[in-house]
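Residue numbers start from 1 in every chain, and the chains themselves are labelled A, B, ... in the order their sequence lines are given, proteins ahead of strands.
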2 protein chains.
Amino acid sequence: MGYSLDKIDTQILSILQKNSNRTTKSIADELGMTTSPVFERIKKLEKEGYIKKYVAILDNKKIGLKLTVFIGITLQGHTRSYLEKFVTEINNFPEVIECHRVSGNFDYLLKLVVEDIEAYEHFIISKLTLLPYLGNVQSLITLSTGKETNEIDLSII
Amino acid sequence: MGYSLDKIDTQILSILQKNSNRTTKSIADELGMTTSPVFERIKKLEKEGYIKKYVAILDNKKIGLKLTVFIGITLQGHTRSYLEKFVTEINNFPEVIECHRVSGNFDYLLKLVVEDIEAYEHFIISKLTLLPYLGNVQSLITLSTGKETNEIDLSII
DNA sequence: ATTATAAACAGAATAATATTCTTAGAATAA
DNA sequence: TTATTCTAAGAATATTATTCTGTTTATAAT
């Protein structure tokens, strides 16, 4: 059996998914504990895989990547080997930050972050449409983003 | 004028968006520098807003949130005040981790992370459909995720 | 109930790292 | 050339992470 999370664990996770640079002491103070049990719990959460990694979130626009686009894709063939190949190819495109196999009106939904419309068109023409078995492609250009977070809802635990 | 990034800055950003727990020394070694200039550059990147925050990325499924869903939404009214109200409401829903205003077949595209299909249905029935002016709602249920990262493409700089 | 066993914790000690400081070397502009 | 600014190196210091030891608390078996 796996490890099961208690209240304190979820509080720690909640804090770290907001700001992973908090010191152990500051977290311990907030929870009314000392540093050692908090430290041990964090290490356990990392080891057990509840925490996958620690990352810096960059400002896309400030860095020059001003456009987010979602692309709904339909494939013409659906053999297992072909689906796998499609995902493998997609993984090599750095402008694609998400690729989901979905049920509904599309087979795949991609999320891209690119410089601008030209960069997007370049992706479509010289990368995406070169993939075989590609069927319908529908783009959703992001005009503005009202919410975008990594914080998942831990209140259910 | 803003600050402009050089090669070393983008290398630092690239490293930190993969793993923000790297020590200054380990980054400095990789770049063939000493810790102080690397430290100062990181502080500058934070201060100038290129780095927005440092976060822990959690394992959704392991925590019990096994389902990712995208929802394409059409509104019946498009006045400014109504669009703003819609986004405000959406921001109060913890299961919604992204909300994008898009052009194309929908007005908004949402990304949700929830426990399971029941939790998703509960969101639709007791939260989403209570919003006024709601038009068409189309769900894309994620079957599997082939790629999901925070790493944006810095090679363009 | 009671004893054995394992977890979880507190508090102190130590090790590693971040942060600051001082100085020197390059680049830049007058 | 000569200030002037920027960037870096290296050492000194301050914080913080990490380890360690002993104690308490919970847990489970008898």
Close N or O pairs between protein and nucleotides 7-11 of chain D (under 3.5 Å):
from: D:dA8; atom 1: OP1; to: B:R41; atom 2: NH2; distance (Å): 3.2
from: D:dA8; atom 1: OP2; to: B:R41; atom 2: NE; distance (Å): 3.2
from: D:dA9; atom 1: OP2; to: B:T34; atom 2: N; distance (Å): 2.9
from: D:dA9; atom 1: OP2; to: B:T34; atom 2: OG1; distance (Å): 2.5
from: D:dA9; atom 1: O5'; to: B:T34; atom 2: OG1; distance (Å): 3.4
from: D:dA9; atom 1: N7; to: B:S36; atom 2: OG; distance (Å): 3.1
from: D:dG10; atom 1: N7; to: B:S36; atom 2: OG; distance (Å): 3.4
from: D:dG10; atom 1: O6; to: B:S36; atom 2: OG; distance (Å): 2.9

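Around CD of B:E148, the count of heavy atoms belonging to other residues, nucleotides or ligands within 6.0 Å exceeds 12.
Between the A:T142 side chain and the A:S144 main chain, no donor and acceptor come within less than 3.5 Å of each other. At distances below 3.5 Å, not a single donor-acceptor pair connects side-chain atoms of A:K66 with backbone N or O atoms of A:N60.
Taking the ring centroids of B:F70 and A:H100, they lie under the 6.0 Å cut-off.
For DNA chain C, the contact window with chain B, defined by any atom under 4.0 Å from a protein heavy atom, covers C:dT17 to C:dT20 in 5' to 3' order.
The phosphate of D:dT15 (OP1 or OP2) has no side-chain N or O of A:K25 nearer than 4.0 angstrom. Between A:T24 and D:dA17, a side-chain N or O to OP1/OP2 separation shorter than 4.0 Å is present.
In the model, A:Q138 has a side-chain atom that pairs as donor or acceptor with a side-chain atom of B:N105 under 3.5 Å. Donor-acceptor pairing under 3.5 Å is recorded for the side chains of B:E46 and B:Y54.
Between B:D29 and B:R22, none of the side-chain N atoms (NZ, or NE/NH1/NH2) sits under 4.0 Å from a carboxylate O, so this pair counts as no salt bridge.
Distance B:F39 CZ to D:dT15 P: 13 Å, rounded to the nearest Å.
Under the Watson-Crick or G-U wobble criterion, with both distances below 3.5 Å, D:dA8 is paired with C:dT23.
A:F123 pairs by the ring-ring contact (aromatic ring centres under 6.0 Å, His included) definition with A:F93, not counting sequence neighbours.
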